[in-house]
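Keep in mind it's a predicted model, so treat the numbers as computed, not measured. Just so you know, these numbers use all the heavy atoms, side chains as well, and skip hydrogens, waters and symmetry mates.
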Amino acid sequence: MSDANVRIPEEAKDRLAAIAAAEGLSLRAYLARLAETMLTPAERAERAEKALAALKEWNGYAPTPSEQDDLDSELDRRLAQAASR
């Protein structure tokens, strides 16, 4: 396996290194674990589609696009409210 160099601001590197150290990891190991566990936008969309299909099969849940927009807005509202606490 070859290493890669990534240029980021020093403050970001220091913050990531502190987070890694708090978890008992090197910065290299922490970033590798992060890359393995984070989902790409395409992966998240695929999981969301699978979850929606499973809900529809299980109990008939199939929101319309308008209902889904309303639910997304409500989630955004609640996340903003939680972040402001």
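- Ile8 places a side-chain heavy atom less than 4.5 Å from the side chain of Leu16.
- With sequence neighbours left out, the side chain to side chain contact (heavy atoms under 4.5 Å, CB included) criterion links Leu52 to Tyr61, Pro63, Gln68.
- Atom-to-atom distance recorded for Arg47:CZ and Leu39:CG is 4.5 Å, nearest 0.5 angstrom.
- Other residues, nucleotides and ligands contribute at most 12 non-hydrogen atoms within 6.0 Å of the CZ atom of Arg78.
- Partners of Thr64 by side chain to side chain contact (heavy atoms under 4.5 Å, CB included), not counting sequence neighbours, listed by chain and number: Ser66, Glu67.
- A continuous path of hydrophobic side-chain contacts links Leu71 to Trp58 [ILVMFWY only; heavy atoms under 4.5 Å].
- Taking 4.0 Å as the cut-off between side-chain N and carboxylate O, Glu46 and Lys50 count as a salt-bridged pair.
- Within a 6.0 Å radius of CD in Glu23, other residues, nucleotides and ligands contribute more than 12 heavy atoms.
- Listed here is the closest heavy atom pair of Ser26 and Ala20: O-CB, 3.7 Å.
- Minimum interatomic distance between Glu43 and Met38 (heavy atoms only, all atoms of both residues): OE1-O, 4.0 Å.
- Classification of Glu74 and Arg77 as a salt-bridged pair holds, one side-chain N sitting under 4.0 Å from a carboxylate O.
- The CZ atom of Arg7 lies 13.0 Å from the NZ atom of Lys13; values are rounded to the nearest 0.5 Å.
- Ile19 approaches Tyr30 most closely through the heavy-atom pair CG2-OH, 3.4 Å.
- One finds the CG atom of Leu31 at 4.5 Å from the CG atom of Leu27 (value rounded to the nearest 0.5 Å).
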